[in-house]
Amino acid sequence: MSEKLSGSATDRHPEPNIPSFPSYSSPTSAVSAEETRILTEYIQQKNLFNVVNRDESRRKALLLKQFFKMKRHQQVVVISTRKQGETVKTEGKVATIGRNFVMLTDLKKRIWIPYEAIDSATIPFGFPTYSTPHQHHIYDNQLQQKLVQRFGETVSKKDALVRQFFEETFHTNLSTWKGIRMEVHTGEASYFGKLKDISKTECVLQQFNQERRIPLTAIRYMATAGYISLLKRVGSKWSMALSQTIKRWRDR
């Protein structure tokens, strides 16, 4: 009797009227995946414009930050004001997007531009609006697993991940570039020197035996300076001093 009961239990088949479902998690949306992605981007942009329409003081920074995030690792053109009535056109790839600055890179140098100094930003004429193909093929599954399981530990070990997730401030990012030769442009003058120290309010440049403290709020443009730029700077100073000496000698 018991053998018959056990045999009937093992030979039991699922009822034909009950549908079977795959063991997948529930979908995140009632619509298709592509429609969900488009809808998500639309909601993000709608929320962004709702915020900037209610708080005009945050409009410029939030819109620039969102634009540069959409163009990460892509070529952009930034028009910024270096001095009163003097605009500068800078072209480069978006490398780092901070809370109050963007860092661009080209073949020769890195360039920091505060959002306050930017007049407009766009993409170069003739460039495609999509990113380079290699970005779509390099995918680190191990990194994804580490981020899901040990987010804090994984992010804190890589500066690139810290910049991506926490949006550094200007002075925090510059603190990682101590000892690098920089050219700094403010609304009043331009300076060359090695970045010696940085705080929340000012940076310290060392040029030979002199130290110059520059308020961060006065910086309109900052870039790494190679030896060629330094030689050009020293040469222009010498030529200017020589021309003034010759002029004084002729006026005598």
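All values derive from a computational prediction rather than experimental measurement.
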Q: Dump the intermediate steps for side chain to side chain contact (heavy atoms under 4.5 Å, CB included) on His73 and Val94, then the final yes or no.
A: CA-CA 5 Å; His73 303 304; Val94 179; over 6 Å; no
Q) Which heavy atom of Leu216 sits nearest a heavy atom of Lys200, and at what distance? A) CD1-O, 3.6 Å
Q) Salt bridge or not for Lys178 and Asp197, using N-O below 4.0 Å? A) yes
Q: Is it possible for you to check whether Arg212 lies under 6.0 Å from the centre of the six-membered ring of Tyr191, through NZ or CZ, and within 45° of that ring's axis?
A: no
Q: Specify the closest pair of heavy atoms between Ser57 and Asp55, including all atoms of both residues, with the distance to one decimal.
A: OG-OD1, 2.5 Å
Q) Any salt bridge between Glu34 and Arg37, counting N to O under 4.0 Å? A) no
(Q) Between Val102 and Leu63, is there shared hydrophobic-cluster membership here, with clusters defined by ILVMFWY side-chain heavy atoms closer than 4.5 Å? (A) no
(Q) Show, in sequence, the C-alpha distance, side-chain angles and deciding distance for Thr154 and Lys158, and conclude whether the side chain to side chain contact (heavy atoms under 4.5 Å, CB included) test is met. (A) CA-CA 7 Å; Thr154 305; Lys158 291 188 176 182; 5.9 Å; no
(Q) Looking at every heavy atom in both Arg59 and Glu56, which two are closest together, and how far apart are they? (A) NE-OE1, 2.9 Å
(Q) Between Phe67 and Tyr115, is there shared hydrophobic-cluster membership here, with clusters defined by ILVMFWY side-chain heavy atoms closer than 4.5 Å? (A) yes
Q) Can you tell which of Leu107, Thr105, Ile111 makes a side chain to side chain contact (heavy atoms under 4.5 Å, CB included) with Lys109? A) Ile111
(Q) Looking at every non-hydrogen atom in both residues, tell me the closest pair between Ile113 and Arg220 and how far apart they are. (A) CG2-O, 4.0 Å
Q: Please determine, by modelled atom types, if Thr169 and Thr172 share a side-chain donor-acceptor pair under 3.5 angstrom.
A: yes
Q: Look at atom CD of Gln206 and say whether more than 12 heavy atoms of other residues, nucleotides or ligands are closer to it than 6.0 Å.
A: yes
(Q) Do Pro114 and Asn100 make a side-chain contact, defined as non-hydrogen atoms from C-beta onward lying under 4.5 Å apart? (A) no
Q.
I'd like to know if Phe170 and Trp177 are part of one continuous hydrophobic network [Ile/Leu/Val/Met/Phe/Trp/Tyr, side-chain heavy atoms within less than 4.5 Å].
A. yes
Q. If you measure from the Lys or Arg side-chain nitrogens to the Asp or Glu carboxylate oxygens, is any gap between Arg213 and Glu202 under 4.0 Å?
A. yes
Q: Could you tell me whether Lys69 and Glu167 have a side-chain N and a carboxylate O separated by less than 4.0 Å?
A: yes
Q: Search all heavy atoms of Thr96 against all heavy atoms of Glu168 and return the closest pair with its distance.
A: CG2-OE1, 4.4 Å
Q: Please report the shortest heavy-atom distance between Pro124 and Gln75, naming the atom on each side.
A: CD-O, 3.2 Å
Q) Same cluster for Ile180 and Ile219 if Ile/Leu/Val/Met/Phe/Trp/Tyr side chains link at under 4.5 Å? A) yes
Q) Quick check: are there more than 12 heavy atoms from other residues, nucleotides or ligands sitting under 6.0 Å from CD of Gln210? A) no
Q. Where do Trp112 and Leu104 land on the side chain to side chain contact (heavy atoms under 4.5 Å, CB included) test, with the steps shown first?
A. CA-CA 7 Å; Trp112 291 261; Leu104 308 179; over 6 Å; no
Q.
Does any part of the side chain of Ile38, heavy atoms only, come nearer than 4.5 Å to the side chain of Glu35, both counted from C-beta?
A. no
(Q) Would you say that more than 12 heavy atoms from the other residues, nucleotides or ligands in this model lie under 6.0 Å from the CZ of Phe151, or not? (A) yes
Q) Any donor-acceptor pair under 3.5 Å linking the side chain of Lys71 with the backbone of Lys93? A) no
**Q.** Pairwise side-chain contact, Leu62 with Leu48, heavy-atom cut-off 4.5 Å (strictly under)
**A.** yes
